[in-house]
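FYI, side chains are in, hydrogens and waters are out, and symmetry mates aren't considered; it's all heavy atoms of this structure. Residue numbers count from 1 along this sequence. This one's a predicted model, so the numbers in the text were calculated from it and none came from an experiment.
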Amino acid sequence: MTSTPLLSVRGLRKSFAKLDILKGIDFDVAAGEKIALIGPSGSGKSTCLRCVNYLEQPTAGEIFLDGARVGVSTAPTARAMSNRQLAPQRAQMGMVFQSFNLWPHLSVRENVAIAARMVQGLSRAEADALAEAMLAKVHMEHKCDAKPEQLSGGQQQRVAIARALAQRPKLMLFDEPTSALDPELVAEVLSVIHELADEGRTMLLVTHEIAFAREVADRIFFLDGGVISEQGPARDILANPNTDRLRSFLRQLAH
Ligand SMILES: Nc1ncnc2c1ncn2[C@@H]1O[C@H](COP(=O)(O)OP(=O)(O)O)[C@@H](O)[C@H]1O
Ligand SMILES: [Mg+2]
C-alpha cells in the first residue's frame, strides 16, 4: 500500500484569455520529497506554483494537499472558497517569491511575526518568539530590529524564507528564489534552502540553478509546451535527457 501523497495535482489547466498556458498537469509529491520544476521562460512555471496555492484560480483541475481539496469547499456542494477561507490553506504552503515582497515599513521581526498573529492567532509575544526562532534558522536573528532596506538582497530573501517558515507550512513553494539576486548573494540563500531540504521538508522549487537542483532535488520536472514533458530522478534527467527540447534547454543554461 502506498501512502497518500502530500500534494496531488490532477488535470491542472490554466488559460489567460485565449492563451492556454497549462494544458493538463498531473503529479504527486510525497511527504519529504524535493521537486525541482525547470523549463523555459514563459512556460508556466510560476503559473503552476500559483495555481497550486490558488493565488491563481485554475481553469480546470484539482489540487489536494494532504488529502484535502485546495480552493474548493466540497460540502454540501462544491463551491470556490473565498480568500478568507483560503488563507489557512495558503499558509500550509509557504511561498517564497523571486522578489522578496517584505513590508518596507516593518522590522524584520514584524515581517515574520505578522502572519503568525493574523493567521494563526498567536499573541504578540508568541509570534515574536516564533519569528526569532525562524530567523535563527535562516541565520538572520542578529537583524531582528533592522528594516528591509538595511539588508542585502540575500538577507531579505532569507527573511522571506523565515516568514514562510513561520506559517508552519506542510509544503514549501519556491519561485526562482535566487533569480533577483546579485551573483555573490546566491550561495547564502541556496545554502539556507539546502539546510531546510536536509530537515526533510517537502519542497516544490522553480529554479534555473541546475547544479543545485541536481544536488537537492529527488525528481526534476521539465515544463514545456504546457505539460510536464519529462520527469524523473534528478541525475537521470540531467545526464540523459530524452528530448531535444530538454537537451537544448540545458545547453542554454550552461552558457
Ligand atoms: N495574470 C496573467 N495574465 C495574463 N497572462 C499571464 C498572467 N500570468 C502569466 N501570464 C502568461 O503566462 C505565461 C507563463 O507565465 P509564467 O507562469 O510566469 O512563466 P514562467 O514562470 O515559466 O516564466 C506567459 O506567457 C505569461 O505572459
Ligand atoms: Mg516565473
Side-chain angles (χ1 to χ4, degrees), residues 46-47 49-57 65 70-71 81-197 199 201-207 209:
S46 297
T47 302
L49 281 199
R50 294 167 62 83
C51 284
V52 163
N53 71 359
Y54 265 68
L55 282 175
E56 292 284 359
Q57 174 94 32
L65 182 69
V70 176
M81 289 183 186
S82 64
N83 267 327
R84 195 189 172 90
Q85 289 172 305
L86 265 167
Q89 285 194 323
R90 288 213 182 102
Q92 294 181 343
M93 299 181 259
M95 184 141 178
V96 177
F97 301 88
Q98 187 174 331
S99 54
F100 337 117
N101 299 346
L102 300 178
W103 295 106
H105 58 293
L106 296 181
S107 71
V108 162
R109 182 191 292 100
E110 269 295 289
N111 262 286
V112 178
I114 192 164
R117 289 209 304 277
M118 309 290 245
V119 180
Q120 298 173 43
L122 300 190
S123 70
R124 178 173 288 273
E126 288 167 333
D128 283 354
L130 175 64
E132 285 168 24
M134 295 305 113
L135 285 163
K137 284 184 87 68
V138 300
H139 316 298
M140 285 298 294
E141 66 277 28
H142 59 300
K143 294 287 188 185
C144 280
D145 296 310
K147 288 278 169 59
E149 65 179 14
Q150 297 170 291
L151 306 180
S152 72
Q155 290 177 322
Q156 289 188 53
Q157 190 59 303
R158 287 191 278 143
V159 173
I161 293 171
R163 176 180 56 185
L165 289 172
Q167 302 180 69
R168 306 184 193 283
K170 292 178 175 173
L171 168 71
M172 300 283 292
L173 303 173
F174 292 95
D175 192 359
E176 296 196 39
T178 60
S179 294
L181 298 175
D182 290 334
E184 73 273 21
L185 304 176
V186 167
E188 66 188 67
V189 172
L190 291 182
S191 137
V192 161
I193 298 172
H194 207 317
E195 287 168 25
L196 297 175
E199 283 182 356
R201 287 175 187 273
T202 314
M203 295 182 178
L204 184 54
L205 166 85
V206 174
T207 187
E209 299 284 343

Within this structure, what is the [atom1]-[atom2] distance for the pair [X] and [Y], rounded to the nearest 0.5 Å?
{"X": "Arg158", "Y": "Glu188", "atom1": "CZ", "atom2": "CD", "result": "4.5 Å"}
{"X": "Gln155", "Y": "Leu181", "atom1": "CD", "atom2": "CG", "result": "11.0 Å"}
{"X": "Leu130", "Y": "Leu135", "atom1": "CG", "atom2": "CG", "result": "9.5 Å"}
{"X": "Arg163", "Y": "Leu106", "atom1": "CZ", "atom2": "CG", "result": "10.0 Å"}
{"X": "Ile161", "Y": "Glu195", "atom1": "CD1", "atom2": "CD", "result": "10.0 Å"}
{"X": "Asn111", "Y": "Leu102", "atom1": "CG", "atom2": "CG", "result": "4.5 Å"}

Taking all non-hydrogen atoms of both residues into account, name the closest pair between [X] and [Y] and its distance.
{"X": "Arg90", "Y": "Tyr54", "value": "NH2-O, 2.7 Å"}
{"X": "Leu151", "Y": "Ala146", "value": "CD2-CB, 4.1 Å"}
{"X": "Ala127", "Y": "Ala116", "value": "CB-CB, 4.0 Å"}
{"X": "Phe100", "Y": "Gly153", "value": "CZ-O, 3.6 Å"}
{"X": "Val96", "Y": "Ala160", "value": "CG2-O, 4.3 Å"}
{"X": "Pro148", "Y": "Pro104", "value": "CD-O, 3.8 Å"}

Quick one: does [X]'s side chain get under 4.5 Å of [Y]'s, heavy atoms only?
{"X": "Pro169", "Y": "Leu171", "result": "no"}
{"X": "Lys137", "Y": "Leu196", "result": "yes"}
{"X": "Met172", "Y": "Leu165", "result": "yes"}
{"X": "Pro177", "Y": "Leu205", "result": "yes"}

Any donor and acceptor pair, going by atom type alone, linking the side chain of [X] with main-chain N or O of [Y] inside 3.5 Å?
{"X": "Glu110", "Y": "Ser107", "value": "no"}
{"X": "Gln89", "Y": "Gly71", "value": "yes"}
{"X": "Gln157", "Y": "Gly154", "value": "no"}
{"X": "Gln150", "Y": "Lys147", "value": "yes"}
{"X": "Gln120", "Y": "Ala166", "value": "yes"}
{"X": "Arg109", "Y": "Glu132", "value": "no"}
{"X": "Asn53", "Y": "Leu55", "value": "yes"}

Check your understanding: Given Val119 and Gln167, is the side chain to side chain contact (heavy atoms under 4.5 Å, CB included) satisfied, shown in steps?
Key -> CA-CA 8 Å; Val119 180; Gln167 302 180 69; 5.6 Å; no
Exercise for review: For Val112 and Val159, run side chain to side chain contact (heavy atoms under 4.5 Å, CB included): C-alpha distance rounded to whole Å, both residues' side-chain angles, the deciding distance at 0.1 Å, then the answer.
Suggested key: CA-CA 7 Å; Val112 178; Val159 173; 3.9 Å; yes
Practice item. Decide whether Glu126 and Ser123 meet the rule of one side-chain donor and one side-chain acceptor closer than 3.5 Å. Key: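 On atom types as modelled, these side chains qualify, holding a pair under 3.5 Å.
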Review point. Among Arg201, Met93, Gln92, which residue meets the side chain to side chain contact (heavy atoms under 4.5 Å, CB included) test with Lys170?
Key: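 Per the side chain to side chain contact (heavy atoms under 4.5 Å, CB included) rule, the option paired with Lys170 is Gln92, out of Arg201, Met93, Gln92.
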